[in-house]
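Encoded as structure tokens, the structure appears first; notes follow it.
Convention: sequence-line order gives letters A, B, ...; per-chain numbering from 1. Quantities reported herein were computed from a predicted structural model and do not represent experimental measurements.
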2 protein chains.
Amino acid sequence: MKEARDIFFNYVKVKNLRYTRQREKIVEAFLRADRHITAEELYSNLKKVDPEIGSATVHRTLKLMGECGLLDEIKVGSGKTRYELKYKREHHDHLICINCGRLIEVRDDKIERLQDKLARANDFVPKWHRLEIYGLCTKCR
Amino acid sequence: MKEARDIFFNYVKVKNLRYTRQREKIVEAFLRADRHITAEELYSNLKKVDPEIGSATVHRTLKLMGECGLLDEIKVGSGKTRYELKYKREHHDHLICINCGRLIEVRDDKIERLQDKLARANDFVPKWHRLEIYGLCTKCR
DNA sequence: ATTGATAATGATATTTTATATCAATAATAC
DNA sequence: GTATTATTGATATAAAATATCATTATCAAT
Ligand SMILES: [Zn+2]
Ligand SMILES: [Zn+2]
Ligand SMILES: [Zn+2]
Ligand SMILES: [Zn+2]
């Protein structure tokens, strides 16, 4: 994911921030990581290889990645924030298994359109939304 | 909202818990309060009249009200949990103004049905969902 | 390459919301 | 009334994220 990396370091340059090896490692680890990763998981992944990286820096870098549109925060259930790559990926919603925690990505254009319509019918300008359906996945049924 | 109160104290009785004046006051204050109230707001409402009520008890009582189906927790944005009466109210979703924080309650049966269909198409048994549309309300546009 | 200005880092402290602890108190059954 | 035990409220703790701050690293200008 070369481009995504570039988006980040471009943003860093434009904002007159600095290119650091920590940022580089964090961004690359994020791009390699499983989708829907937490800051803590990403931190512990990095820590294995690079014991000198601090968790505060991981949080700070994730925030920067959010600012430049690389990722989305998702807060499912009542746990920690999860982060998922947004760049060049379509918007989607999530089915969340209440037994095993599995996240299934789904998208229904009809629902998307109806949501917009619903908002506008209420004199409301929709900017983004979050739809999470909780239930049981195949394995946990 | 006499019945709602009864639901609660019935639950208390069935679980061999006790009828206390704190619980009575908290439940009644909740039923009188604005929709989508936080524990802290409810606590401060109560505190004005009843300085001897503790916030831990407010939290505990809200949790009990949740257990017996009287209320729903809603976690909008990244703030505190809000609580809303569920008993004898239809399920609904929320439009949330990103400028003033206003919550608008909405419901679209077509969306509800499509969500169920979407879940089942993914071999998933939906139990409940959460749909929040963030944007700008009339006043804030 | 050296230097100076200042952004970034990481250890730690703090914040925020919710929950756990625990001695004192109050509710219920007998 | 008494015994039993759930409840309370003050306080401590937990959990996640953010703020603080001395030290270090980056980078542009020389
Ligand atoms: Zn599952
Ligand atoms: Zn996703
Ligand atoms: Zn508004
Ligand atoms: Zn509502």
Side-chain angles (χ1 to χ4, degrees), chain A residues 8-30 36-68 71-83 101, chain B residues 8-30 36-68 71-83 101:
Chain A
F8 178 80
F9 286 109
N10 229 49
Y11 180 74
V12 163
K13 177 156 278 177
V14 165
K15 293 259 286 186
N16 280 309
L17 308 176
R18 290 169 184 182
Y19 190 104
T20 68
R21 55 177 185 292
Q22 288 90 338
R23 282 179 178 162
E24 167 149 37
K25 281 170 178 164
I26 294 166
V27 169
E28 299 200 324
F30 173 75
H36 312 126
I37 197 168
T38 65
E40 203 194 7
E41 287 162 357
L42 184 57
Y43 171 62
S44 101
N45 284 358
L46 281 155
K47 205 70 194 269
K48 283 175 208 151
V49 191
D50 248 292
E52 86 268 10
I53 278 182
S55 81
T57 302
V58 172
H59 275 101
R60 286 187 284 238
T61 305
L62 284 168
K63 176 168 272 187
L64 274 179
M65 285 191 262
E67 287 173 22
C68 67
L71 57 74
D72 254 345
E73 295 185 357
I74 63 181
K75 294 170 204 257
V76 343
S78 47
K80 355 190 146 170
T81 303
R82 292 183 172 275
Y83 299 87
Chain B
F8 179 79
F9 286 109
N10 229 50
Y11 181 73
V12 163
K13 177 157 279 176
V14 165
K15 293 259 287 187
N16 280 306
L17 307 177
R18 289 171 184 179
Y19 189 106
T20 68
R21 55 177 186 293
Q22 288 92 337
R23 282 178 177 162
E24 165 148 38
K25 280 172 179 164
I26 293 166
V27 170
E28 299 200 325
F30 172 75
H36 312 125
I37 198 169
T38 65
E40 203 193 7
E41 287 163 357
L42 184 58
Y43 170 62
S44 102
N45 285 358
L46 281 156
K47 205 71 195 267
K48 283 175 208 152
V49 192
D50 247 292
E52 86 269 8
I53 278 182
S55 78
T57 303
V58 173
H59 275 102
R60 286 187 283 238
T61 305
L62 284 168
K63 176 168 271 187
L64 275 179
M65 285 191 261
E67 286 174 21
C68 67
L71 57 75
D72 254 344
E73 296 186 356
I74 62 181
K75 293 170 205 259
V76 342
S78 47
K80 350 191 148 168
T81 303
R82 292 182 171 275
Y83 299 87

Return no unless some side-chain N or O of [X] is found under 4.0 Å from OP1 or OP2 of [N].
| X | N | value |
| --- | --- | --- |
| B:Thr20 | D:dT8 | yes |
| B:Lys13 | C:dT28 | no |
| B:Arg21 | C:dA27 | yes |
| B:Arg60 | C:dT19 | no |

query = Is any side-chain N of the basic residue among A:Arg82 and A:Glu41 closer than 4.0 Å to the acidic one's carboxylate O?
reply = yes
In whole Å, I'd like the distance from the [atom1] atom of [X] to the [atom2] atom of [N].
| X | N | atom1 | atom2 | answer |
| --- | --- | --- | --- | --- |
| B:Glu73 | C:dT19 | CD | C1' | 13 Å |
| A:Leu64 | C:dA8 | CG | P | 8 Å |
| A:Arg23 | C:dG10 | CZ | P | 11 Å |

message = With a 6.0 Å cut-off (strictly less than), is the heavy-atom count around CD of A:Glu52, excluding the residue itself, greater than 12?
response = yes
If you check the [X] side chain, which of [options] turns out closest?
| X | options | answer |
| --- | --- | --- |
| B:His59 | C:dA18, C:dA8, D:dA6 | C:dA18 |
| A:Ala56 | D:dA16, C:dA11, C:dA7 | C:dA11 |
| A:Arg18 | C:dT9, C:dA8, D:dT7 | C:dA8 |

key: Closest-nucleotide 5' rank along DNA chain D - winner of A:Ala39 and B:Thr57   = B:Thr57
message = Need the pair for D:dA12. Rule: Watson-Crick or G-U wobble, both distances under 3.5 Å, any strand; none if unpaired.
response = C:dT19
inquiry  = Need to verify one output field. Residue with the more 5' nearest nucleotide on DNA chain C, B:Gln22 or B:Tyr83?
reply    = B:Tyr83
remark   = The residue among B:Glu28, B:Met65, B:Glu24, B:Lys13 that forms side chain to side chain contact (heavy atoms under 4.5 Å, CB included) with B:Phe8 is B:Met65
ask   = Looking at side-chain heavy atoms only, is the closest gap between B:Thr57 and B:Thr20 below 4.5 Å?
value = no
